[in-house]
Amino acid sequence: MLLVLSEEHKEHLGFLSEVDPAVVGEFGRIAVEFLKKGSNPKIYEGAARKLNVSSESIQHGVEGLMYLLTESSKLMISEVDFQDSVLVLGFSEELNKLLLQLYLENRKEIRQILSKLGPSLPHYHNLEWRLDVQLASRALRHQVKPTVTLKLHLEDGAKRSAHVLQTDPATLQHLIHELERALTELKSSHCRRILRNIK
């Protein structure tokens with residue numbers, strides 16, 4: 001799978017061809033560091049003074065490199081696909097090899113960082129349910145009005161919470177049908193192919 005870069009990203013990465021390969025290696029280290037701790041404008045300014053260029057050019061170069069590394073790591077593209085993806089940038093062979101080396105050395109760490117950045121969502125722990133049926137009232141002597149009450153227990157790390165839901169059997173049946181349809185869709189070859197690319 002090839003990585004498709006926009007014209008803006010190509011322009012930002014174009015700055016890398018104007019600097020020494022050792023500087024590109026340093027930019028790669030800074031990009032991975034920024035993924036861990038966030039951006040630091042002082043580093044841009046220091047590098048801009050040393051290279052005698054604008055801090056904005058440095059920022060765009062590092063962010064372009066960060067995008068290249070994160071997207072490649074996210075998709076876990078192969079070495080050949082990575083090389084083919086950066087070929088469109090028109091870099092020298094030495095710079096292409098350096099970028100490939102940066103990608104191969106950092107992709108596992110970048111994937112770990114990205115997995116920690118994802119939202120931590122509560123997950124299922126337990127479910128209690130009760131079926132209530134109202135058979136009559138003062139106004140209506142003969143009626144059947146069923147209600148399903150659910151108590152959903154969720155877990156978020158060490159914290160637990162409970163949510164009480166109430167519905168009628170027809171809505172519950174519809175919900176079950178939709179969830180079963182979603183599970184069936186998840187087993188389709190198209191969906192499996194997408195999930196493989198995400199992992």
Spacing of [atom1] belonging to [X] relative to [atom2] belonging to [Y], to within rounding of 0.5 Å:
X: Q83; Y: N96; atom1: CD; atom2: CG; result: 7.5 Å
X: K151; Y: Q166; atom1: NZ; atom2: CD; result: 13.5 Å
X: H174; Y: T167; atom1: NE2; atom2: OG1; result: 10.5 Å
X: E180; Y: T184; atom1: CD; atom2: OG1; result: 7.0 Å
X: E8; Y: Y67; atom1: CD; atom2: OH; result: 10.5 Å
X: D156; Y: H125; atom1: CG; atom2: NE2; result: 13.0 Å

Does the side chain of [Y] come within less than 4.5 Å of [X]'s, by heavy atoms?
X: L154; Y: R160; answer: no
X: L102; Y: N106; answer: yes
X: M76; Y: R111; answer: yes
X: H60; Y: E56; answer: yes
X: P169; Y: V148; answer: yes
X: Y103; Y: I77; answer: yes
X: L175; Y: Q173; answer: no
X: T147; Y: D168; answer: no

Could you walk me through whether H177 and L179 pass side-chain contact (heavy atoms from CB on, under 4.5 Å), step by step? CA-CA 6 Å; H177 173 71; L179 289 171; over 6 Å; no

Do the side chains of [X] and [Y] join up, straight or via other hydrophobic residues, at under 4.5 Å, putting them in one cluster?
X: L183; Y: L127; result: no
X: L131; Y: V164; result: no
X: I176; Y: L150; result: yes
X: V80; Y: L75; result: no

Do S72 side-chain atoms and L69 backbone N/O form a donor-acceptor pair below 3.5 Å? no

If only side-chain N and O atoms count, and only distance matters, is there a donor-acceptor pair under 3.5 Å linking S57 with S54?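 Their side chains do contain a donor-acceptor pair, which is all the 3.5 Å distance test asks for.
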
Determine whether L98 and L100 satisfy the following criterion, side-chain contact (heavy atoms from CB on, under 4.5 Å), listing intermediate values before the conclusion. CA-CA 5 Å; L98 180 64; L100 176 64; over 6 Å; no

A162 and H153: which non-hydrogen atoms are nearest, and at how many Å?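 Smallest interatomic distance, heavy atoms only, reads CB-ND1, 3.9 Å.
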
Is K97 salt-bridged to E94, going by a charged N under 4.0 Å from an acidic O?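 A salt bridge is absent here (no side-chain N lies under 4.0 Å from a carboxylate O).
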
V62 and F34: side-chain contact (heavy atoms from CB on, under 4.5 Å), yes or no, with the steps? CA-CA 9 Å; V62 171; F34 284 176; 4.0 Å; yes

